[in-house]
Student: 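Handing you a structure now.
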Amino acid sequence: VDMYGKCGSVNDARKVFDKMPQRNIFTYNSVLGAFMRWGFVDEAKELFDSIPDRDQCSWNSMVSGFAQKGRFEDAVECFVRMCREGFGMNEYSFGSVLSACAGLMDGKIGAQIHGLLVKSICERGVYMGSALVDMYAKCGEVECARRVFDEMRIRNIVTWNSLITCYEQNGPASEALRVFRDMLDEGFDLDEVTLASVVSACATLSGIREGREIHALVVKNDRYRADLVLNNALVDMYSKCGDIKVARFVFENMPLRNVITETSMVSGYAKAASVEDAGSLFGRMMEKNIVSWNALMAGYTQNGENEKALSLFRLLKRESAWPTDYTFGNLLNACANLADLNLGMQAHTDVMKHGFCFRSAPEPHVFVGNALIDMYMKCGSVQDAFWVFRNMVERDLVSWNAVIVGYAQNGYGIEALEMYKQMILSGEKPD
RNA sequence: GCCAUGCACCUUCGAG
């Protein structure tokens, strides 16, 4: 059963299971794991409910399965139920649920689980520590991630990688490079995960010197040279650093490419003002996802081809690609650049039709809301801009800046100053 | 029989 499950022959696993005259908890857990691993979540749930004597491992398989399939809230809920039904939690339980918290980007729940972990009898080893570092990192709690890291007695490569990624994703990216140096100084080995994160940090810093150094390490090592993610990171790094020729060289020598590789090149061409090349590569892409569409739209708006961006949006809707906050950001940007209020209002309708149905609130709401404010301001409609501002569920620094600047540039000096005062009163710090 | 890490999409301003 386990063999078939691991090989992906879920049907065969199930057949053997069904024919077994006797089963024990190991049998059940094997099938359960197979179902979860290959995405048969409903079947797994059904089986789980039918297990006569569930044990800790059965619960762990559910939690981990949910987490790996991206059903993070189910994973946490399952963990809580497990807790309530009096099952003890071990490293497997905590590892899985922490990864679910990371996926939810919910530091509050994560910290609560952390509390449970500390009180539990679990060994606070390198697995738990690394899982905590990663969880805090994904939740944007850089200080907490760092604290856990510093308090660990024993670290391994995953621990270091998690901290590097933490700084790469939350900033400051320069700290990612510093941690990388520390890692080497302490004599740790690195791997392709380390290098991909570091290259990515170089990309955000436009640190082409450091990026080239890593690239030199990569070409000397067969395993690194064959790694898709690492190569993708290199293409992105050279693109962002403006070296489109080398980006293309890496691209063309890759043993394998995917949608991310091609999207990175599209962005690179757009950035290098070769928006023609961006468009033709986009047209030849084997597989497109919404990020690819967004990248080309951004490319068009960056190069003043706003009408093309708009028609790309229309095309995208026909192709049934599901828009994201970036899509609407680009759309509104195009309208703002054209300073065309009618188009802008139409775009606003598109946003509303989508019901602000983004994956996780409220950041995308703020993001799109800010883009709306900016669009209305650039189109000269201060009333509409202010209406959006007033009705936003949440506001951030950019929202305030957008209204203040918008008022100022439309000749409403008094109102701009008034908004500034209100900004101070609201507790938002000006930059 | 169950656990942790990596890649792509310029929302505001100024300067150029």
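Each chain gets a letter, A, B and so on, in the order its sequence line appears, and its residues count up from 1. Note: hydrogens, waters and symmetry copies are ignored here, and every other heavy atom, side chains too, is used. Note that the structure is predicted; figures quoted are calculated from it, not measured.
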Student: Can you tell me the distance, in whole Å, between the CE atom of A:M82 and the P atom of B:C2?
Tutor: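 For the pair A:M82 CE and B:C2 P, the rounded distance is 15 Å.
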
Student: Compute whether any side-chain donor of one residue and acceptor of the other, for A:N289 and A:S292, lie under 3.5 angstrom apart.
Tutor: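 Yes, side-chain donor-acceptor contact under 3.5 Å.
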
Student: Between A:V229 and A:E192, does the side-chain contact (heavy atoms from CB on, under 4.5 Å) criterion hold? Intermediate values first, please.
Tutor: CA-CA 8 Å; A:V229 173; A:E192 53 273 51; over 6 Å; no

Student: Is it the case that A:T165 and A:S197 place a side-chain donor and acceptor less than 3.5 Å from each other?
Tutor: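 A:S197 and A:T165 do have a side-chain donor-acceptor pair below 3.5 Å.
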
Student: Using a 4.0 Å cut-off on heavy atoms, which residues in residues 124-131 of chain A reach RNA chain B? List them by number, or say none.
Tutor: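 Correct list: A:Y127, A:M128, A:S130, A:A131.
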
Student: Between B:C2 atom C1' and A:L47 atom CG, what is the distance in whole Å?
Tutor: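 Going from A:L47 (CG) to B:C2 (C1'), I get 14 Å.
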
Student: Nearest-Å distance, CG (A:L132) to P (B:U5)?
Tutor: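 Rounding to the nearest Å, CG of A:L132 and P of B:U5 are 12 Å apart.
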
Student: For the pair made of NZ in A:K288 and P in B:C9, what is the distance, rounded to whole Å?
Tutor: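 From A:K288 NZ to B:C9 P: 19 Å.
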
Student: So, OP1 or OP2 of B:C9: does either fall under 4.0 Å of a side-chain N or O from A:Q302?
Tutor: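 No, because none of the side-chain N or O atoms of A:Q302 sits under 4.0 Å from OP1 or OP2 of B:C9.
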
Student: Can you check the A:N156 CG to B:C3 C1' distance for me, whole Å?
Tutor: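 Whole-Å distance recorded here is 13 Å.
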
Student: Tell me whether A:N330 contacts the main-chain N or O of A:N294 through its side chain, where contact means a donor paired with an acceptor under 3.5 Å.
Tutor: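 Yes, because the side chain of A:N330 sits within donor-acceptor range (under 3.5 Å) of the backbone of A:N294.
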
Student: Nearest to the A:S61 side chain among B:C2, B:C9, B:G6, which nucleotide is it?
Tutor: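 Between B:C2, B:C9, B:G6, the one nearest the side chain of A:S61 would be B:C2.
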
Student: Would you say a side-chain N or O of A:K240 is under 4.0 Å from OP1 or OP2 of B:C7?
Tutor: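 No, no such contact exists.
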
Student: List the atom of A:M135, the atom of A:L98, and the distance in Å for their closest heavy-atom pair.
Tutor: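 A:M135 and A:L98 have their closest heavy atoms at CG-O, 3.6 Å.
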
Student: So which atom in A:A44 and which in A:L32 form the shortest heavy-atom distance, rounded to 0.1 Å?
Tutor: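 So the minimum-distance heavy-atom pair works out to O-CD1, 3.4 Å.
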
Student: To the nearest Å, give me how far apart CZ (A:F282) and P (B:C9) are.
Tutor: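 The distance from CZ of A:F282 to P of B:C9 comes to 15 Å, rounded to the nearest Å.
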
Student: Output the single nucleotide from B:C2, B:U5, B:A8 whose closest atom is nearest the side chain of A:V158.
Tutor: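 Nearest to the side chain of A:V158 among the choices is B:U5.
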
Student: Would you mind classifying the nucleic acid contact of A:I373 as base, sugar-phosphate or nothing, using non-hydrogen atoms under 4.0 angstrom?
Tutor: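 The residue A:I373 makes no contact with any strand.
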
Student: Whether the A:S58 and A:S61 side chains hold a donor-acceptor pair (N or O, under 3.5 Å, no angle test) is what I'd like checked.
Tutor: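 Per modelled atom types, A:S58 and A:S61 side chains form no pair under 3.5 Å.
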
Student: To the nearest angstrom, how far is A:D191 atom CG from B:U5 atom C1'?
Tutor: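 So the CG-C1' distance, A:D191 to B:U5, works out to 8 Å.
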
Student: OP1 or OP2 of B:A4 sitting under 4.0 Å from any side-chain N/O of A:Q68?
Tutor: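 For B:A4, OP1 or OP2 has a side-chain N or O of A:Q68 closer than 4.0 Å.
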
Student: Could you give the distance separating B:C7 and B:C3 at their C1' atoms, to the nearest angstrom?
Tutor: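 Nearest-Å result for B:C3 against B:C7 at atom C1': 24 Å.
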
Student: Are any of the side-chain nitrogens in A:E175 or A:R146 under 4.0 Å away from the carboxylate oxygens of its partner?
Tutor: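 Answer for the salt bridge query: yes.
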
Student: Got a donor-acceptor contact below 3.5 angstrom from the A:N303 side chain to the A:E305 backbone?
Tutor: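 No, A:N303 side chain to A:E305 backbone: no donor-acceptor pair under 3.5 Å.
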
Student: Scan A:N231 against the nucleic acid and name what it touches under 4.0 Å (heavy atoms): base, sugar-phosphate only, or nothing.
Tutor: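 If one applies the 4.0 Å heavy-atom cut-off, A:N231 turns out to touch nothing in the nucleic acid.
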
Student: Detail all sub-3.5 Å separations between protein N/O atoms and N/O atoms belonging to nucleotides 12-16 of chain B.
Tutor:
from  : atom 1 : to     : atom 2 : distance (Å)
B:U12 : O2     : A:N401 : ND2    : 2.8
B:C13 : OP1    : A:K378 : NZ     : 3.0
B:G14 : OP1    : A:Q409 : NE2    : 3.2

Student: Below 4.0 angstrom, N of the basic side chain to O of the carboxylate: do A:K69 and A:D74 qualify?
Tutor: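 Salt bridge flag = no for A:D74 with A:K69.
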
Student: I'd like to know if the side chain of A:N370 and the backbone of A:V366 have a donor-acceptor N/O pair within less than 3.5 Å.
Tutor: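 The answer is yes, because a donor-acceptor pair under 3.5 Å joins these two groups.
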
Student: Measure from the side chain of A:N161, starting at C-beta and using heavy atoms only, and say which of B:C9, B:C2, B:U5 lies closest.
Tutor: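 Nucleotide nearest to A:N161's side chain: B:U5.
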
Student: Ignoring the backbone of A:V193, work out which of B:A8, B:A4, B:G6 is nearest its side chain.
Tutor: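 Of B:A8, B:A4, B:G6, B:G6 is nearest to the side chain of A:V193.
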
Student: State yes or no: are the ring centers of A:F48 and A:W59 separated by less than 6.0 Å?
Tutor: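 Aromatic pair counts; centres sit under 6.0 Å.
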
Student: Under a 4.0 Å threshold between the charged nitrogen and the carboxylate oxygen, would A:D2 count as salt-bridged to A:K6?
Tutor: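 Yes.
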
Student: Would you mind telling me which of B:C7, B:U5, B:C9 lies closest to the side-chain atoms of A:S162?
Tutor: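 Side chain of A:S162 sits closest to B:U5.
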
Student: Looking only at atom C1', what distance separates B:G14 and B:C10, rounded to whole Å?
Tutor: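 Each nucleotide's C1' atom is 16 Å from the other's.
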
Student: Which of residues 90-98 of chain A sit near RNA chain B, with a heavy atom under 4.0 Å from it?
Tutor: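 Going residue by residue through residues 90-98 of chain A, the ones with a heavy atom under 4.0 Å of RNA chain B turn out to be A:E91, A:Y92, A:G95, A:S96.
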
Student: Can you tell which of B:C2, B:C3, B:C9 lies closest to the side chain of A:N294?
Tutor: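 Of the candidates, B:C9 comes closest.
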
Student: What is the separation between atom OH on A:Y269 and atom C1' on B:C9, rounded to the nearest whole Å?
Tutor: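 Result: 18 Å.
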
Student: Report which part of the nucleic acid A:E262 touches: base, sugar-phosphate, or nothing (heavy-atom distance under 4.0 Å, all strands).
Tutor: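 Nothing, no nucleic acid heavy atom in range.
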
